[in-house]
Novice: 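Encoded as structure tokens, here's the structure I'll be asking about.
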Amino acid sequence: MSNKGVKVDYLARVEGEGSLLVRTKDGHVSDVKFKIFEPPRFFEAFLRGRKYSEAPDITARICGICPIAYQMSSVHAMEYAFHLKVEGQLRELRRLLYCGEWIESHALHVYMLHAPDFLGYDDAIQLAGDHPEAVQRGLRLKKTGNDLVAILAGREIHPINVKVGGFYKVPRRKDFAGILESMKRARDEAYETVLWTSKLPFPDFEYDYEFVALSHPDEYPFNEGRIVSNRDLNIDVREYELVFHERHVPYSNALQSTMKSPHPPEQHETAGEARGAYLTGPLARFNLNFDKLSPLARKASEEANVKPPTRNPFKSIVVRAIETLYACDEAIRIIENYEPPDEPALKYEVMPGFGFGCTEAPRGILYHRYLIGADGLIKDAKIVPPTAQNQRMIETDLKNFVTSNIQMSKQDLTLRCEQLVRNYDPCISCATHFLKLDIAEDTVT
Amino acid sequence: MVDASRARSHDSVSEAHPVVERTALTIVGIGNEFRGDDAVGLLVLRRLVKSVPAGARTVELAGDQTYLLELLRSTDAIIVVDAVQSSAPVGTIFRLEAGERPVPKEFLSFSTHTFDSASTIELARALGFLPSKVLIYGIVGKGFSYTTRLTAELAESIEVVQASILNDADSILSERTSKIHEDLPQDKYRY
């Protein structure tokens with residue numbers, strides 16, 4: 001049996017810089033390395049000594065695609081430390097802001113980055129040549145998300161209007177006049193997107209994942225909830241580091257996350273101590289929170305024949321479309337019921353202590369933990385982005401996919417492996433604390 | 001991304017709602033000011049913003065390049081200045097006319113942005129709304145790490161590109177004015 005390998009020096013259509021190497025020998029995968037060489041940015045280090053109130057704007061700079069997620073996780077962490085609970089219309093505005101980010105991020109990934117893989121194009125430019133209406137639809141969706149974020153956050157990228165306790169300024173009802181109509185059009189186009197993606201050709205590949213996502217009793221999760229899995233995980237956000245830990249691997253600048261057992265040592269024999277890789281992101285949220293989707297999003301899922309449990313990671317493109325539809329639906333609900341709050345933010349007292357925040361970024365759960373001093377300065381910070389958490393699962397997927405498709409030509413295998421990585425919509429800049437792909441002829445001797 | 005004209009005014013959050021009105025010429029500086037030489041496009045734009053002729057709009061873009069599509073839809077001509085990575089010496093200036101012919105593939109891959117400006121221009125061409133006049137200035141940088149410091153050799157390139165863009169802007173707008181005059185019915189000139 002011949003030796004074969006997959007080597008991609010620079011992964012395209014992902015955010016940031018990384019690569020992939022899969023080595024095979026005698027028909028078996030001998031090595032998989034998901035390498036992140038985007039340099040680390042040391043955000044956690046330079047947050048130390050900064051005022052607690054600077055964290056939302058500093059951490060938003062970690063990512064140009066999901067800055068809202070960073071702002072949300074940081075303000076929730078600070079509010080945890082200050083025993084502050086944001087409710088009512090301010091809470092609704094935060095959900096609305098997250099809707100905007102999900103719509104813009106998911107639309108970009110579905111149409112510009114992931115769809116070309118399924119239809120055999122090198123990129124969105126080629127896709128636009130043959131399917132201009134689909135690409136235009138994606139661009140309109142994305143613009144609607146951008147516009148919503150701009151209304152609430154001050155601007156689409158590097159938002160500046162979120163603060164601990166609420167917002168610096170809240171919109172008036174009339175500020176939503178234009179976006180409401182475009183959001184209703186976006187909802188129709190998101191429904192079309194669900195059906196369009198459901199007709200794409202999906203490789204036959206499944207895995208029995210441990211899905212990890214937030215879960216809230218009353219709503220599809222954005223900002224709040226317990227961290228749960230399809231196995232027996234059900235913890236409060238403050239228990240995150242008891243269950244998840246990060247490890248450094250020599251070939252990557254991003255720490256890899258794995259799961260420990262959530263049970264005490266005496267129960268390890270039955271519960272299993274090492275749980276290893278897990279999957280966070282749209283597929284996890286969908287499988288664990290399907291009943292919390294809006295009726296319209298559930299109807300679209302049924303029509304697309306994508307229902308939980310969905311274990312084919314390539315179908316994440318359909319799930320992103322379903323979540324886009326949900327976000328449009330939820331945004332319309334919030335806008336139609338909006339009453340401006342009396343104050344743009346709650347008053348609070350700065351208190352020393354630990355703050356924990358975990359919210360659902362478009363790519364999965366984003367964990368922040370801070371230690372705040374009595375002087376309001378950040379003494380310590382820990383940030384675990386979703387791509388860092390998914391790294392090990394990506395490697396596991398690659399190993400399993402190549403193993404079961406070893407007969408595939410090297411060229412096809414390489415393309416499929418790239419597509420597989422893009423199932424996760426990895427954000428390498430965020431993770432670097434990540435992607436270029438290598439499937440190379442195996443040179444292992 | 002930041003529209004320079006909006007970035008200074010946040011009196012009302014609604015003012016930040018991106019409304020892109022049709023204009024004769026758009027000049028776009030692209031870059032990330034926290035990643036070393038990647039900021040060079042922004043710096044060129046900031047240097048020329050006060051000298052641009054009437055009828056030209058200036059826009060800074062950082063991060064999400066899809067807003068560039070909105071600008072391409074809504075302008076008769078566009079000049080884009082961005083940093084590039086290349087084996088050419090630092091400070092080398094590329095000037096491409098991309099309105100009539102595609103951006104060379106090598107240039108696309110040289111961009112430092114994931115969904116880069118050249119790819120965005122090609123996407124607009126594929127979708128049929130690329131303006132007929134598209135100029136791309138690419139300035140070769142050296143260091144793209146996390147710093148606000150620029151490589152010293154770029155200072156001269158910034159001045160050269162700034163002057164060249166202002167010349168381009170003048171000629172694009174005067175060509176357009178001549179065209180408007182040619183298109184006007186002759187009796188209009190009597191007034």
Side-chain angles (χ1 to χ4, degrees), chain A residues 10 12-17 39-43 61 63-65 67 104-105 107-108 112-113 123-130 132-133 135-136 138-139 142-143 146-161 167-172 174-179 344 428-429, chain B residues 1-4 6-20 31-36 60-74 85 102-103 105 108-109 111-116 118-130 143-147:
Chain A
Y10 192 94
R13 284 182 278 134
V14 295
E15 202 288 326
E17 296 176 0
R41 296 182 292 173
F42 309 114
F43 267 87
R61 291 289 179 148
C63 184
I65 299 175
E104 62 171 298
S105 176
L108 174 72
M112 303 298 154
L113 307 178
D123 52 40
I125 300 167
Q126 285 187 8
L127 178 69
D130 290 346
E133 192 40 53
V135 172
Q136 294 274 27
L139 292 171
K142 183 173 184 343
K143 184 176 186 309
N146 280 11
D147 290 352
L148 180 57
V149 170
I151 290 172
L152 288 163
R155 52 198 191 198
E156 307 101 292
I157 305 296
H158 306 321
I160 49 167
N161 191 33
F167 295 85
Y168 287 99
K169 192 166 281 196
V170 291
R172 300 158 295 190
K174 68 180 184 181
D175 293 325
F176 291 126
I179 196 79
I428 297 168
S429 299
Chain B
M1 75 189 75
V2 177
D3 180 327
R6 287 199 308 267
R8 297 187 194 94
S9 172
H10 288 288
D11 295 338
S12 159
V13 287
S14 66
E15 286 182 17
H17 192 284
V19 176
V20 182
N32 182 339
E33 59 190 322
F34 300 110
R35 290 199 68 158
E60 290 187 17
L61 278 180
D64 185 348
Q65 302 301 309
T66 50
Y67 187 60
L68 182 55
L69 285 169
E70 297 305 315
L71 298 171
L72 290 164
R73 276 184 210 275
S74 62
Q85 283 181 299
V103 178
K105 227 171 170 60
L108 272 73
S109 61
S111 173
T112 61
H113 299 275
T114 305
F115 201 76
D116 58 80
S119 299
T120 306
I121 286 165
E122 288 310 306
L123 184 60
R125 190 193 313 278
L127 292 170
F129 58 78
L130 190 69
F144 296 93
S145 60
Y146 295 99
T147 174

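Proteins get letters first, then strands, A, B, ... in listed order; numbering begins at 1 in each.
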Novice: Atom CD in Glu70(B), atom CG in Leu139(A): separation rounded to 0.5 Å?
Specialist: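 Those atoms lie 7.5 Å apart.
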Novice: Mind running side chain to side chain contact (heavy atoms under 4.5 Å, CB included) on Met112(A) and Leu123(B) for me, showing each step along the way?
Specialist: CA-CA 10 Å; Met112(A) 303 298 154; Leu123(B) 184 60; 4.0 Å; yes
Novice: With sequence neighbours left out, what residues match Phe129(B) under side-chain contact (heavy atoms from CB on, under 4.5 Å)?
Specialist: Gln136(A), Leu69(B), Leu72(B), Arg73(B), Ala124(B), Leu127(B)
Novice: How far apart are the closest heavy atoms of Gly129(A) and Ala126(B), and which atoms are they?
Specialist: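 Taking every non-hydrogen atom into account, N-CB, 4.2 Å.
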